[in-house]
*Asks:* 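Here it is: the structure, laid out below.
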Amino acid sequence: MIKALITQYGIINYEFRCTKKQKIIAKIDKVGNVFVYAPNYVSISNVEEFIKSRAEWIISQSSKAKQEYLHLQNIELENIYILGKNYSIEKVIADKASVRFENGVIYLYGHKEEAFALLRKKIEAFAIEYLQERFFIIKSKIIANKDINVQIKNVKSWWGCYYPKKKLIKLSLRLIIRDKECIDAVIFHEFAHIDEHNHQEGFYKKLLAIYPDYYVAKRKLKDRKFTITDNFLFGI
């Protein structure tokens with residue numbers, strides 16, 4: 001349900017959604033859209049009071065997100081990151097689209113969009129292969145006797161997720177852009193959830209025991225230098 005609310009800081013257009021959580025939450029997506037979540041029993045007047053109380057923050061964050069999104073859409077891609085390494089991109093005139101990696105440079109031949117599509121496919125195939133390989137190497141070191149599988153998905157909302165009932169760990173394709181230690185940190189994080197489902201003290205004790213440098217790697221995951229590559233390869 002799309003609504004509009006006049007506040008002292010301006011008009012806020014937002015999408016209202018019901019949630020099972022017992023509180024009102026406002027979120028801004030990467031395009032700048034505003035979403036407000038509230039339980040069924042909360043009145044619209046209370047929701048509007050909540051929005052007004054956070055109007056300055058909502059408008060500011062929405063505006064920043066919109067500006068960044070437009071900026072990313074207009075950027076000419078000159079380099080991308082793979083496993084944390086920066087590769088420059090060179091476009092070559094040719095009759096047929098193709099891609100070549102050589103000495104830290106990615107050469108794109110032929111029609112621009114066709115060459116970029118080939119590059120995406122190559123990186124996605126490499127990501128699936130690499131992430132699966134790291135998963136099974138780490139698994140063999142810490143829980144070789146447990147029947148846990150892996151699935152690679154193109155998602156933006158999480159890096160990894162453990163599903164106990166399915167005995168499955170899902171990893172985000174976006175990890176292939178990050179440093180190798182970041183990828184390992186996420187995999188170790190999900191393996192720690194096998195014994196500790198919640199992020200309580202016991203979970204972090206377990207995680208740090210199997211991957212002591214977790215917090216160092218975690219900080220690198222959100223490095224903004226990867227934003228353009230994220231947008232190009234997997235969507236904003």
*Asks:* Can you sort out the partners of Glu124 under side chain to side chain donor-acceptor pair (under 3.5 Å), two or more places apart, ordered by chain and number?
*Replies:*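 None.
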*Asks:* Distance under 6.0 Å and angle within 45° of the ring axis: does Arg120 meet both against Phe232?
*Replies:* yes
*Asks:* Can you name the nearest heavy-atom pair linking Ile59 to Gly10, along with the distance?
*Replies:* CD1-N, 3.8 Å
*Asks:* Cut-off 3.5 Å, side chains only: do Gln22 and Tyr41 have a donor facing an acceptor?
*Replies:*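 Per modelled atom types, Gln22 and Tyr41 side chains form a pair under 3.5 Å.
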*Asks:* If you compare all heavy atoms of Tyr211 against all heavy atoms of Ala185, which two are closest, and at what distance to 0.1 Å?
*Replies:*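 Looking at all heavy atoms of both residues, the closest pair is CE2-CB, 3.7 Å.
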*Asks:* Indicate the atoms forming the closest heavy-atom contact of Lys23 with Pro39, along with that distance.
*Replies:*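 Heavy atoms only, the tightest pair is O-CD, 3.7 Å.
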*Asks:* Report yes or no: is the cationic atom of Lys218 (NZ for Lys, CZ for Arg) under 6.0 Å from the centre of the six-membered ring of Tyr215, at an angle within 45° of the ring normal?
*Replies:* no
*Asks:* With a 3.5 Å cut-off and no angle check, do the side chains of Ser43 and Asn46 form a donor-acceptor pair?
*Replies:*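 Side-chain D/A pair, Ser43 to Asn46: present.
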*Asks:* Any side chain to side chain donor-acceptor pair (under 3.5 Å) pairs touching residues 196-209, not counting sequence neighbours?
*Replies:*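 For residues 196-209, and leaving out neighbouring residues, the side chain to side chain donor-acceptor pair (under 3.5 Å) pairs sorted by first residue read His189-His199, His193-His199, Asp195-Lys206.
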*Asks:* Please walk me through it: do Phe191 and Phe135 pass ring-ring contact (aromatic ring centres under 6.0 Å, His included)?
*Replies:* CA-CA 10 Å; Phe191 275 127; Phe135 172 87; 5.1 Å; yes
*Asks:* So is Lys170 actually on top of Tyr163's ring, under 6.0 Å and inside 45° of the axis?
*Replies:* yes
*Asks:* So for atom CG, which belongs to Leu168, do other residues, nucleotides or ligands contribute more than 12 heavy atoms lying within a distance under 6.0 Å?
*Replies:* yes
*Asks:* Determine, step by step, whether Leu207 and Phe188 satisfy the side chain to side chain contact (heavy atoms under 4.5 Å, CB included) criterion, reporting the C-alpha distance in whole Å, the side-chain angles of both residues, the deciding distance to 0.1 Å, and the verdict.
*Replies:* CA-CA 7 Å; Leu207 175 56; Phe188 276 107; 4.1 Å; yes
*Asks:* Identify whether Trp159 and Tyr162 are in the same connected component of the hydrophobic contact network (ILVMFWY, side-chain heavy atoms under 4.5 Å).
*Replies:* yes
*Asks:* So, are Asp230 and Lys225 salt-bridged, with charged N and O less than 4.0 Å apart?
*Replies:* no
*Asks:* Could you check Arg178, Arg174, Lys220 and say which one makes a side chain to side chain contact (heavy atoms under 4.5 Å, CB included) with Phe226?
*Replies:*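 In the set Arg178, Arg174, Lys220, the residue that makes a side chain to side chain contact (heavy atoms under 4.5 Å, CB included) with Phe226 is Arg178.
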*Asks:* Residues two or more places apart in sequence or in another chain: which of them pass side chain to side chain donor-acceptor pair (under 3.5 Å) with Arg134?
*Replies:* Asp184
*Asks:* Just checking, Lys21 and Tyr37: is the charged tip under 6.0 Å from the six-membered ring centre and within 45° of the axis?
*Replies:*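 Negative - Lys21 is either too far from the ring of Tyr37 or too far off its axis.
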